[in-house]
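One structure is given below, encoded as structure tokens.
The analysis underlying the following values was restricted to heavy atoms, covering all of them including side chains, and did not include hydrogens, waters or symmetry mates. Letters A, B, ... mirror the listed sequences (proteins, then strands); counts begin at 1.
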Amino acid sequence: MNAIIISAILGVVMMYSGVLTKNTSAIRNVAIVGLIVLLGLNMAEGCGYQLFHINTKGMMSFEKYGLLFNSIAFASTLIYFLLSGRDIEKVGVYVAEYFALIFFILCGVAIVTSFNSLLLLFIGIEIISIPLYILTGADKRNLKSNEASLKYFLMGSFSTGIMLMGITLIFGATGSFMLKGIAPLVTGAADAPLNIWLVSGLLLLFISMAFKVSAAPFHFWTPDVYDGAPSVFTSFMATIVKAAIFVAFLRLFDGAYGEMKGAWQSIISITILLTLFIGNITAVFQQSVKRMLAYSSIAQAGFMLFALFGFNEFAKEGIILYSAAYSLATIGIFAILIKMKDYTFEGFNGLGKSQPVLAATNTIFLLSLAGIPLTAGFFAKYYMLAAAIKNGTQFWLVIFAVLCAAVSVYYYFRVIQSMYFKTGNAETSTITPAFKYVLIVLAGIVILLGVFPQLLLSQMYF
Amino acid sequence: MSTVPLTHILFVSTALFFTGMYGLFTRRNMITMLMSIELILNSVNINFVAFNKYLFPQKMDGIFFSIFIVTIAAAEAAVAIAIIINLYRTHKSIDVDDATELKW
């Protein structure tokens, strides 16, 4: 509850700070301090210290798991502010409003990690989506940005319509929005037969969530939107937002779909198969690094879907580790990409000579995304596949995922190859020493999580 | 006076839902597409109120949900109109077929 209320208040504070001062670095500092307060209060709630005692009538419950994910999301956002804060200022003149919208999105993130009722799932996802439509179109004079935001809006509200239709059918069948009220009818514990409204409702809800996490065959908006949006905001929506919606997805399954595992596993395995295949194969043919990262985010979503497939303790731990590893690495890569003049692979030629620190840290992040041992990405992928194997039904899917991970090494290493083994002069905008220090710290965290994943996972249990 | 059965209302709401979906996929004018999205959301509202009245008259959940949908639809429409106006300034048109910077 701390996180939801404080982040909403901070959003309003940021809007007023935009009215009171035009000094952009002051606004950025307010945002960073506010985020540190938010992170601290969220961790304090994990230790039982609550600022607000609000009776939510069981519609929300604040468990260790959701709070830990909130902490990861807020910490990633803090790193994102420190790395790319200056680039947010370059997007347009309404700097304070961009920060305010990001805080509102964080409020939505805190809601979707703790909902117990489909009403709050809907509200949380809308609180995340509506500010994102605006941020996507933030670069007002850029045609690409305008179109991306239009496209994102059409696809987003279309999937919202599908989600709402699903929720109303579920309501018609069960008379409740609570996950606890739906579960007995889904599992057949109540004596009613599984009726057609309930099944079609659950299916529509699944489709709309697949839209939101950009799982194939509902992924087609992702590359265009990620490509057209200003790079700083692509970085935010490809990482923190996507991971948050995955946690919501897992929570929904945990509550409502759980016992019907067998029936859902075939649908999910087809989704995983398509997502991994389309994401990885299309990423190979991209010429622009930004577009390649968009497809790579689809491919990574395929791996995160294994959490829903496996659905056991491994999966729950895995999604925490995966979201941390994926968010940190992708934020790092995007922060470096924003500094480049040219977004194609050729633009990275010779970066190893001109900017050794950037090239070295970029290599670590790319290795982590590819899942090479000693980086966080390795254990993240390991946990996901272990969850699927422990579940024990469709072993071929795990083999397919490993093959896809091997394909992904190709396009990640293409960037490394152009940085170190090709001659050229990669042009960057000015790099401050502080930027380099934060990058080194971030790379350190990625390696630390890769060697000792228990540092993060043990937080779940006390 | 006999009451209208639930199936009739569900028929209307389903028809509205698919009208909205058809409009969203066939129309190329952005304002019409926005109207189609509103149709989809309103069909859901009808569904909620009908289910609540006929099947669960002792509860208020469905009616409250439809109030939330109306609120959020208003917020969405505000953002959508802003996006459309911005696009009109750059393209001098509100036809989606003219917006071809990205591969559609």
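- Counting heavy atoms from C-beta on, the side chains of B:Glu76 and A:Thr160 come closer than 4.5 Å.
- Here the closest non-hydrogen pair linking A:Phe171 and B:Asn52 is CE2-N, 4.0 Å.
- Residue-environment remark: CZ (A:Phe220) exceeds the threshold of 12 foreign heavy atoms within 6.0 Å.
- Note: A:Met165 CE to B:Ile40 CD1 = 10.0 Å, rounded to the nearest 0.5 Å.
- Note: A:Leu169 CG to B:Phe51 CZ = 5.5 Å, rounded to the nearest 0.5 Å.
- Put simply, the side chain of A:Leu150 reaches to within 4.5 Å of the side chain of B:Met30, judged on heavy atoms.
- In this structure, the separation between CD1 on B:Ile72 and CD1 on A:Ile125 is 11.0 Å, given to the nearest 0.5 Å.
- For B:Phe25, the part lying under 4.5 angstrom from a heavy atom of chain A is the side chain only.
- At a 4.5 Å heavy-atom cutoff, A:Ile127 makes no contact with chain B through either its backbone or its side chain.
- Of all non-hydrogen atoms in B:Ala75 and A:Ile130, the two that sit nearest each other are CB-CD1, 4.0 Å.
- The minimum heavy-atom distance linking B:Ala80 with A:Phe153 is given by the pair CB-CZ, 3.2 Å.
- One N or O on the side chain of B:Lys59 and one on the backbone of A:Gly175 form a donor-acceptor pair closer than 3.5 Å.
- Taking both residues in full, the closest heavy atoms of A:Glu147 and B:Leu87 are given as N-CD1, 4.0 Å, listed atom of the first, atom of the second, then distance.
- When every heavy atom of B:Val44 is checked against every heavy atom of A:Gly161, the shortest pair comes out as CG2-O, 4.3 Å.
- Only the side chain of B:Val79 comes within contact range of chain A, judged by heavy atoms closer than 4.5 Å.
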- Query: Between A:Thr168 and B:Phe17, is a side-chain contact (heavy atoms from CB on, under 4.5 Å) present by the stated rule, with each step listed?
  - Reply: CA-CA 12 Å; A:Thr168 115; B:Phe17 185 76; over 6 Å; no
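- The minimum heavy-atom distance linking B:Ile83 with A:Ser149 is given by the pair CG2-OG, 3.4 Å.
- The shortest distance between side-chain heavy atoms of B:Phe65 and A:Ile167 falls below 4.5 Å.
- Contact count versus chain B (heavy atoms, under 4.5 Å) is highest, among A:Ile162, A:Thr136, A:Ile123, for A:Ile123.
- Proximity to chain A is limited to the side chain of B:Phe56, based on heavy atoms less than 4.5 angstrom apart.
- Here B:Phe68 contributes atom CZ and A:Leu120 contributes atom CG; the two are 7.5 Å apart, rounded to the nearest 0.5 Å.
- If you take CG on A:Asn146 and OH on B:Tyr88, they are separated by 14.5 Å, rounding to the nearest 0.5 Å.
- Here the straight-line distance linking atom CZ of A:Phe177 with atom CG of B:Asp61 works out to 5.5 Å at 0.5 Å rounding.
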